[in-house]
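Here is the structure we will look at.
Side-chain atoms are counted along with the backbone in the values below, which use heavy atoms only and exclude waters and symmetry mates. Throughout, protein chains are lettered first and strands after them, A, B, ... in sequence-line order, and every chain is numbered starting at 1.
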Amino acid sequence: MPELPEVETIVNALAPRLSGRRVISAEFLSSLVLRHCIGGDPQELVQQTVAKLERRGKFILIHLERHVLVIHLGMTGKLLFDSGRSPYTRAIFGFDGCTLFYEDIRQFGSIEWSTVVPKRIELLGPEPFDITPAAFHRAMRGRRTPVKSLLLNQQVLRGLGNIYVDESLWRAGINPRRLAGKLSGPRAARLLEEIQNVLNEAIQHRGSSISDYVDADGRKGGFQLQHRVYGREGKPCVNCGTPIRRIVLGQRGTHYCPKCQR
DNA sequence: ATCTATTCCTGGCTGC
DNA sequence: TGCAGCCAGGAATAGA
């Protein structure tokens, strides 16, 4: 499940190999991944040159001359260079020099394009690295939802998913059920700091490969070995030895230490 | 405006 | 062994 660090790793692999390349062909093998793209003809992408690549939260933006291609990998989406067609190939982008295959088993991912960045992308919250502790605290003020749910809200902060939210809350010593609006300024600042720490460390490790995640060159990440709570139900907390607990919060599996996180 | 529940999808796992 | 049924989850959507 690609979150900010995984998407960052993918974009870092894509950018040098796609920048300046010309789109030769665009083929879609599944209409499901185009569910956000109403009435566009893939042929209009052909012959355009890639201007630049950008990550916004978990979204990949490929800026062409006249259009922007917006890709979200969902749960099982992958962008792979020259991998060849598989039963789960949903789209194929031919460039002068390489071919990019979009694979997605569960088809939670999506691809769309338009002449301007879509509104819902513009409405995303700030990058976790681009918000001050004070602004972060303000964003939580008055919110009567568990802090975990708020951190998953991409309109508040963009890029966090289930893994890194659980890991951040453990590092900050905050119970995922705590209401966001009840966090003090210092605790909010600590939380933001730990969010930035865990994301930076995960990027250094090229992301987490928990199911079958690989980057555009087929390389796995290594940060799953650093997880302290995610996927560790029943195992001892590395800080205090208490068994890690798993609950369902906001329809999401949630992992935490009942002793360290209050 | 804010919050919660539901829906999408399918390989892999659990349990009978 | 075989198979039904359930699970994982990001984001859009509907409903409260």
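An OP1 or OP2 oxygen of C/dA11 is reached within less than 4.0 angstrom by a side-chain nitrogen or oxygen of A/H72. Side-chain nitrogen and oxygen atoms of A/R246 include at least one within less than 4.0 Å of the OP1 or OP2 phosphate oxygen of C/dA8. Here A/T76 does not reach the OP1 or OP2 of B/dT10: none of its side-chain N or O atoms lies under 4.0 Å away.
Between the P atom of C/dA11 and the CG atom of A/D104 lies a distance of 13 Å, rounded to the nearest Å. Distance, A/H36 NE2 to B/dT7 C1': 13 Å, rounded to whole Å. We find that CG of A/L34 is positioned 16 Å from C1' of B/dC8, with the value rounded to whole Å. Here the P atom of nucleotide C/dG10 and the CG atom of A/L160 are 11 Å apart, to the nearest Å. The distance from atom CD1 of A/I210 to atom P of B/dG11 is 17 Å, rounded to the nearest whole Å. Computed from coordinates, the A/M75 CE to C/dC7 P distance equals 15 Å when rounded to whole Å.
A/Q251 comes within contact range of at least one nucleobase, with a heavy-atom separation under 4.0 Å. The residue A/M1 sits close only to the backbone: its heavy atoms come under 4.0 Å of sugar-phosphate atoms, none of a base. Nucleic acid contact for A/L73: none, since no nucleic acid atom lies under 4.0 Å from a heavy atom of the residue. Nucleic acid contact for A/R141: none, since no nucleic acid atom lies under 4.0 Å from a heavy atom of the residue. Using a 4.0 Å heavy-atom criterion, one finds that A/G253 contacts the sugar-phosphate atoms exclusively. Note on A/Y164: nothing from the nucleic acid sits closer than 4.0 angstrom, heavy atoms only. Within the nucleic acid shown, A/R35 has no heavy atom closer than 4.0 Å to any nucleic acid atom.
Salt bridge A/R171/A/E167: absent, no basic N to carboxylate O contact under 4.0 Å. A salt bridge links A/R55 with A/E8: the distance from a Lys NZ or Arg NE/NH1/NH2 to an Asp or Glu carboxylate oxygen falls below 4.0 Å.
Closest to the A/I105 side chain, of the nucleotides C/dG10, B/dG11, C/dA8, is B/dG11. Nearest to the side chain of A/Y88, among C/dG10, B/dG11, C/dA8, sits B/dG11. Closest to the A/F108 side chain, of the nucleotides B/dC3, C/dA8, C/dG9, is C/dG9. Between B/dC3, B/dT10, C/dG9, one nucleotide has an atom nearer to the side chain of A/R144 than all others, and that is B/dC3.
A cation-pi arrangement is present between A/R17 and A/F81 under the rule of less than 6.0 angstrom and at most 45 degrees off the ring axis.
Only one option out of A/R246, A/K148, A/R245, A/R252 pairs with A/D166 in a salt bridge (Lys or Arg N to Asp or Glu O under 4.0 Å); it is A/K148.
Classification of the A/F95-A/F93 ring pair by plane angle, with boundaries at 30° and 60°, yields tilted.
With DNA chain B read from its 5' end, the first of the two nearest nucleotides for A/R252 and A/L150 is the one closest to A/L150.
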Evaluate A/E3 against A/R158 for salt bridge (charged side-chain N to carboxylate O under 4.0 Å, His left out), listing each step before the verdict.
CA-CA 10 Å; A/E3 302 180 24; A/R158 69 193 194 219; over 6 Å; no
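Between the side chain of A/R106 and the base of C/dA8 there is at least one donor-acceptor pair of N/O atoms closer than 3.5 Å.
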